[in-house]
Amino acid sequence: MAKYKLEYIWLDGYEPVPNLRGKTQIKDFKAFPKLEELPMWGFDGSSTRQAEGRTSDCMLKPVAVYPDTTKKNGVLVMCEVMMPDGKTPHPSNGRATILDDPGAWFGFEQEYFLYKDGVPLGFPKGGGFPPPQGKYYTGVGYENVGCIAREIVDTHLDLCLDAGINHEGINAEVAKGQWEFQIFGKGSKICADQMWMARYLLNRLTEKYGVEVVYHCKPLGKDVDWNGSGMHANFSTTYMREVGGKDYFEALMAAFDKYKNEHIAVYGPDNHLRLTGLHETQSIDKFNYGVANRGASVRVPHSFVNNGYKGYLEDRRPNSQGDPYKIASRILQTIATVPTKKAAKK
């Protein structure tokens with residue numbers, strides 16, 4: 001038997017954006033524990049806005065497990081929050097009600113800023129701005145990315161890969177101090193679990209650098225000429241990949257237009273600051289789509305059209321603070337309203 005460090009991780013009850021929380025317990029196992037071997041665990045919900053002090057117990061239900069290579073016998077445990085009975089999902093538990101389909105593939109592109117001493121890395125500490133956007137996107141060299149950002153993002157990449165998270169890549173983004181990583185998963189819950197865990201690992205990693213990860217979608221404000229941060233959602237279903245067709249695609253886009261307000265409602269707070277029609281966005285009150293158009297609500301890849309309107313699409317409206325559980329669920333809800341002419345191939 002060996003002693004394993006089980007770091008239980010969950011989303012708290014703060015609104016409109018939940019915070020990641022974590023605490024560790026030690027358990028004996030013969031080998032790296034399987035999900036079904038992990039016990040439920042209680043916590044004080046009155047300290048996380050998930051219960052009152054007079055009845056504060058909440059329960060953590062393990063739903064995914066990953067190795068943590070930063071610790072000897074380290075285990076990362078993604079959890080859902082349950083009521084004291086251990087069976088009823090807590091009202092803050094967005095994962096429990098997510099639509100899930102193993103044939104639904106999602107790829108989230110998480111943009112964020114790295115801040116130190118109250119400003120993005122590379123910004124003057126006393127106020128003002130660095131040279132304007134232009135060379136920072138996919139940039140290299142101290143003048144473009146500084147001296148610690150690349151170490152952070154490269155280390156984060158390795159941590160995710162070591163944990164078995166399907167991390168697909170990184171790049172410096174358009175604004176100085178802004179970066180992006182991409183997570184792909186087959187199944188909406190799988191992808192969203194891994195995105196939250198990747199965020200947790202990044203937040204934890206930056207502690208030792210004295211750096212803050214800022215996920216706000218427009219941290220520099222609406223009226224400056226600097227890009228905001230999104231979490232673009234690439235998505236497909238089995239039907240979209242194997243049957244598709246122009247008629248189905250146009251019906252799908254009509255449904256996305258019809259439910260545009262419902263999408264915006266779960267695509268992250270303060271999106272009105274980001275979705276202005278500038279800086280590679282469409283206005284928040286409009287919906288459009290376009291081939292290779294990064295200023296559209298939905299970008300249609302050339303490959304999708306060239307393949308007979310089959311493949312994946314990119315919804316560019318979700319922002320960097322969005323909850324991937326809610327985003328994936330809303331996309332699948334809208335897709336479910338569009339009739340299909342024939343069943344997808346098995």
Side-chain angles (χ1 to χ4, degrees), residues 6-12 17-22 32-36 38 60-71 74-81 92-112 152-171 179-206 213 215 229-237 266-268 312 314-315 318-332:
L6 310 178
E7 192 164 356
Y8 278 48
I9 296 155
W10 73 98
L11 301 177
D12 67 18
V17 182
N19 300 289
L20 285 156
R21 304 279 183 146
F32 188 88
K34 298 178 181 178
L35 180 61
E36 57 269 22
L38 298 174
L60 297 174
K61 173 186 175 183
V63 293
V65 59
Y66 312 89
D68 182 357
T69 56
T70 68
K71 302 173 182 177
V75 185
L76 298 162
V77 185
M78 192 69 204
C79 300
E80 287 186 10
V81 178
S92 66
N93 181 351
R95 186 185 189 276
T97 56
I98 187 176
L99 291 175
D100 198 23
D101 173 7
W105 297 358
F106 283 87
F108 290 111
E109 303 174 22
Q110 176 71 70
E111 296 176 340
Y112 60 94
I152 290 171
V153 300
D154 283 345
T155 301
H156 177 245
L157 170 60
D158 287 338
L159 290 175
C160 287
L161 294 177
D162 288 346
I165 292 171
N166 198 12
H167 191 309
E168 292 209 313
I170 54 177
N171 59 268
W179 289 79
E180 176 188 298
F181 65 85
Q182 302 99 31
I183 301 294
F184 172 77
K186 295 182 179 181
S188 49
K189 285 185 177 179
I190 289 174
C191 189
D193 286 341
Q194 293 192 9
M195 173 55 76
W196 276 116
M197 187 58 67
R199 286 174 170 177
Y200 185 82
L201 288 171
L202 182 60
N203 292 355
R204 196 182 70 176
L205 170 65
T206 53
V213 185
Y215 295 101
S229 296
M231 189 175 66
H232 307 148
N234 300 279
F235 63 93
S236 69
T237 62
V266 298
Y267 275 9
Y312 77 93
E314 178 190 30
D315 193 331
N319 78 35
S320 46
Q321 285 184 295
D323 182 343
Y325 294 132
K326 295 179 180 179
I327 293 167
S329 188
R330 181 62 252 181
I331 288 173
L332 292 178

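Just so it is clear, the model here is predicted, and its values are computed rather than measured. The chain is numbered in sequence order, starting from 1.
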Could you go through residues 159-169 and list every donor-acceptor pair under 3.5 Å that involves a side-chain atom there, pairing it with any protein atom two or more places apart or in another chain?
from: Asp162; atom 1: OD2; to: Thr69; atom 2: OG1; distance (Å): 3.2
from: Asn166; atom 1: ND2; to: Phe184; atom 2: O; distance (Å): 3.2
from: His167; atom 1: ND1; to: Gly169; atom 2: N; distance (Å): 3.2

Do [X] and [Y] touch side chain to side chain, with heavy atoms closer than 4.5 Å?
| X | Y | result |
| --- | --- | --- |
| Lys34 | Val65 | no |
| Thr97 | Lys326 | no |
| Gln194 | Lys189 | no |
| Asn171 | Gln182 | yes |
| Cys191 | Tyr325 | no |
| Val77 | Glu7 | no |
| Phe32 | Val75 | yes |
| Pro324 | Met195 | yes |

Determine yes or no for a side-chain-to-main-chain donor-acceptor pair under 3.5 angstrom, with [X] supplying the side chain and [Y] the backbone.
| X | Y | result |
| --- | --- | --- |
| Asn93 | Val81 | yes |
| Asn234 | Gly107 | yes |
| Thr206 | Leu202 | yes |
| Asp12 | Asn19 | yes |

Output the distance between atom [atom1] ([X]) and atom [atom2] ([Y]), rounded to the nearest 0.5 Å.
| X | Y | atom1 | atom2 | result |
| --- | --- | --- | --- | --- |
| Ile183 | Met231 | CD1 | CE | 10.5 Å |
| Ile327 | Ser188 | CD1 | OG | 12.0 Å |
| Leu60 | Cys79 | CG | SG | 5.0 Å |
| Trp10 | Met78 | CH2 | CE | 10.5 Å |
| Asp68 | Leu76 | CG | CG | 4.0 Å |
| Thr155 | Leu201 | OG1 | CG | 11.5 Å |

Which residues pass the salt bridge (charged side-chain N to carboxylate O under 4.0 Å, His left out) test with Asp323, sequence neighbours left out?
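Not a single residue meets the salt bridge (charged side-chain N to carboxylate O under 4.0 Å, His left out) criterion with Asp323.
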Shortest non-hydrogen contact from [X] toward [Y]:
| X | Y | value |
| --- | --- | --- |
| Leu99 | Leu332 | O-CD1, 3.3 Å |
| Ala233 | Pro318 | CB-CG, 4.2 Å |
| Arg21 | Tyr200 | O-CE1, 4.1 Å |

Asp315 and Arg330 ion-paired at < 4.0 Å
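Judged by the 4.0 Å cut-off on N to carboxylate O distance, Asp315 and Arg330 do not form a salt bridge.
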Report the C-alpha distance between Trp196 and Leu20 in whole Å, list the side-chain angles of each, state the deciding distance to 0.1 Å, and finish with yes or no for side chain to side chain contact (heavy atoms under 4.5 Å, CB included).
CA-CA 8 Å; Trp196 276 116; Leu20 285 156; 3.7 Å; yes
Would you say the side-chain atoms of Tyr215 and Asn203 include a donor-acceptor pair closer than 3.5 Å?
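Indeed, the side chains of Tyr215 and Asn203 share at least one donor-acceptor pair under 3.5 Å.
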Using only heavy-atom distances, determine whether the side chains of Glu180 and Tyr112 contain a donor-acceptor pair under 3.5 Å.
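There is no such pair between these side chains.
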Walk me through it: do His232 and Phe108 pass the test ring pair (Phe, Tyr, Trp, His ring centres under 6.0 Å)?
CA-CA 6 Å; His232 307 148; Phe108 290 111; over 10 Å; no
Would you sort out whether Ile170 and Asp154 count as a side chain to side chain contact (heavy atoms under 4.5 Å, CB included), showing the intermediate values?
CA-CA 8 Å; Ile170 54 177; Asp154 283 345; 3.3 Å; yes
Side chain to side chain contact (heavy atoms under 4.5 Å, CB included) evaluation trace for Thr237 with Trp105:
CA-CA 6 Å; Thr237 62; Trp105 297 358; over 6 Å; no
For Ser229, what residues pass the side-chain contact (heavy atoms from CB on, under 4.5 Å) criterion, not counting sequence neighbours?
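For Ser229, the residues satisfying side-chain contact (heavy atoms from CB on, under 4.5 Å) (neighbours in sequence not counted) are Glu111, Phe113, Gln178, Ser320.
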